[in-house]
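Notes to accompany the following structure.
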Amino acid sequence: MKVFALVDCNNFYVSRERVFCPRLSQRPVVVLSNNDGCVVARSQEAKALGIPMGAPVFQCREVLDRERVEACSSNYTLYGDMSRRVMLTLGQFTPHVEVYSIDESFLGFRQAPSSDLTAFAQDIRGTVRQWTGLPVSIGIGRTKTLAKLANRIAKRTETAQGVFDLTDPHRDLLDGIEVKEVWGIGPRYTAFLKRHGIRTVHQLTQARDAWVQKHLTIVGLRIVRELRGVPCIPLEEIPPSKKAIARSRAFSRPVRALPEIREAVATYIASAARALRKQGSVAGCLHVSVETSRFKTPRYGDAATLRLPFPTASTSDLIHFAHQGLRLIFKEGYPYHRAGVFLTDLSPQDSLQTDLFTLEYYDDRKKRLMELVDGLNARWGRGRVRFAAEGLKQEWGMRQSRRSPRFTTRWEELPVVRAS
DNA sequence: TCTGGGGTCCTAGGACCC
DNA sequence: TCTGGGGTCCTAGGACCC
């Protein structure tokens, strides 16, 4: 029997902060979004206080202060590195791993790895805990959708000890789970299904295929079939190349001056272009956008789309065109809140179609320059070599007043242990 | 004062082609 | 007065995920 497991780090961002800061355990902790604006992760204790996911900090300031909740700025460098360690650990148990997100992986087994799947999963759980310090929950099922569902059950069932095996789903069990718990069934579909008398997972498995496909599209049909135990969504061990790469961020304060926005756009381009080169692609189309705050007037926002005269992955080319686009949409006098760039029409760099008139742009020197820059930054740390257009001070940049040190990726931020 | 960021897939409808 | 059939590509909008 083919089996899938979904391994998910509990409250990943918070748990990770706790690994290096034991003071935070047993206490309510939240992790904040960029610019420390919203709550993006909560510990169990913080959830119990009723702090909602995504809540703006200024709106829950009172409860944060009253309950002395610890608030950390997000520290993606560290989360990314810890995530990598967890995924490497999981690789010890099966070669078939799909890294689904920063805190989740699907594991695939051609046949059940043990007669006691729960004990096997407990072993994985213990190993991850021991090697990385992070708690995980594991759901097991015959399809990815069922493994996902099993994981939800594992998380909320006290007695499950973080593991739930759903390889043999009983009708009564599925009848006790609401459809909104299912991977791929969001708020709209939940409301729609409810209007048609479908409230539980079991009821959903009984719906007619044609009806499901008509109203929930082919995607919904796949979900229903997976809930019935028919695998429709394969394990993706090799992550597919991105079809689009976006970078956008709110400024730390309103920005009115074009030169500052030009810096921000250049910075986002540099980051997007790095990702582009990393997957060996070039971009054929570029979008750049600016926007004032959605919560204030006057409001203004616009985006420019530029079809590039030639596909490229060169940061300097892309900055040049992005600045061109910015000129089309920037209006003097608005307090801008956010800027963004979006690279699309991506294609593999090695299958470039050239034509007589664009040959001049395929300058090998540009390519070698980017390889050199990427190499230096890989060796000496990201941002060591930058484009002047990105600016030096970046005063519009992120606010992270409570960021923990990057314990695992910076020599100068290693944790210090004192023995007495 | 203060409100996140980055993706995917599907469908419908229009433009255009032969 | 009459006005085909089949296909592709693109875009906008909607749904979902973490």
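Proteins get letters first, then strands, A, B, ... in listed order; numbering begins at 1 in each. Quick note: numbers below take in every heavy atom, side chains included, and nothing from hydrogens, waters or symmetry partners.
- Separation of the P atoms belonging to B:dT3 and C:dC18 is 26 Å when rounded to the nearest angstrom.
- Between A:Phe295 and A:Thr217, the residue whose closest nucleotide on DNA chain B is further toward the 5' end is A:Phe295.
- Checking B:dT3, B:dG5, B:dC10 against the side-chain heavy atoms of A:Arg249 singles out B:dG5 as nearest.
- Rounded to a whole Å, the CD atom of A:Glu236 is 10 Å from the C1' atom of B:dT8.
- Among the atoms of the strands shown, none is found under 4.0 Å from any heavy atom of A:His215.
- For B:dC9, the OP1/OP2 oxygens have no side-chain nitrogen or oxygen of A:Arg222 closer than 4.0 Å.
- When rounded to the nearest whole Å, the span between CZ of A:Phe192 and C1' of B:dC10 equals 16 Å.
- Note on ring orientation: taking the six-membered ring where Trp is involved, the planes of A:Tyr100 and A:Trp183 are perpendicular (angle over 60°, cut-offs 30° and 60°).
- If you check every strand for non-hydrogen atoms under 4.0 Å, A:Val57 touches nothing.
- Taking the six-membered ring where tryptophan is involved, the planes of A:Phe109 and A:Phe120 are perpendicular, since the angle between them exceeds 60° and thus also 30°.
- Counting any heavy atom pair closer than 4.0 Å across all strands shown, A:Ile102 reaches no nucleic acid atom.
- When rounded to the nearest whole Å, the span between CD of A:Glu291 and P of B:dT3 equals 12 Å.
- Listed by first residue number, the stems of DNA chain C with at least three Watson-Crick or G-U pairs below 3.5 Å are B:5-18 with C:5-18.
- The distance from atom CZ of A:Arg188 to atom P of C:dC17 is 13 Å, rounded to the nearest whole Å.
- Residue A:Arg253 is classed as having no contact, given no heavy-atom separation below 4.0 Å to the nucleic acid.
- Residue contacts shown for A:Ile185 are limited to sugar-phosphate atoms, with no base heavy atom under 4.0 Å away.
- Comparing B:dG6, B:dC2, B:dC10 by their nearest atom to the side chain of A:Lys296 picks out B:dC2.
- Residue contacts for A:Ala250: at a heavy-atom cut-off of 4.0 Å it reaches the sugar-phosphate backbone alone, with no base atom in range.
- The side chain of A:Tyr100 has C:dC17 as its nearest neighbour among C:dC17, B:dG6, B:dT8.
- Donor-acceptor pairing under 3.5 Å is recorded for the side chains of A:Arg247 and A:Ser271.
- Taken to the nearest 0.5 Å, the CD1 atom of A:Ile153 stands 11.5 Å off from the CD1 atom of A:Ile140.
- Between A:Tyr268 and A:Trp396, the ring planes lie perpendicular to each other; the angle is over 60°, past the 30° to 60° tilted range.
- For B:dG7, the OP1/OP2 oxygens have a side-chain nitrogen or oxygen of A:Arg247 closer than 4.0 Å.
- Residues A:Asn10 and A:Ser137 have side chains that bring a donor and an acceptor to within less than 3.5 angstrom of each other.
- The side chain of A:Ser101 sits closest to C:dC18 out of B:dC10, B:dT3, C:dC18.
- Contact annotation: A:Ser33 does not reach the phosphate of B:dT3 (side-chain N/O to OP1 or OP2, under 4.0 Å).
- Note on A:Lys148: every side-chain N or O is 4.0 Å or more away from OP1 and OP2 of C:dC16.
- The NZ-C1' distance, from A:Lys243 to C:dT11, rounds to 16 Å in whole Å.
- Side-chain contact, A:Gln92 with A:Thr127: no donor N or O sits under 3.5 Å from an acceptor N or O.
- Listed candidates were B:dC2, C:dC16, B:dG4. Nearest to the side chain of A:Val40 is B:dG4.
- Going from atom NZ of A:Lys180 over to atom C1' of C:dC16 covers 16 Å, rounded to whole Å.
- Applying the side chain to side chain contact (heavy atoms under 4.5 Å, CB included) test between A:Leu107 and each of A:Leu235, A:Ile138, A:Ile124 identifies A:Ile124 as the sole match.
- At a threshold of 4.0 angstrom between heavy atoms, the contacts of A:Asp103 are confined to the sugar-phosphate backbone, with no base atom among them.
- Positionally, the nearest nucleotide of DNA chain B for A:Asn34 lies more toward the 5' end than for the other of A:Gln213 and A:Asn34.
- Rounded to whole Å, atom P of B:dG7 lies 18 Å from atom CH2 of A:Trp183.
- For an aromatic pair to be called close, the ring centres must be under 6.0 Å apart, and A:Tyr79 with A:Tyr76 satisfies this.
- A straight line from OH of A:Tyr13 to P of B:dG4 spans 15 Å, rounded to a whole angstrom.
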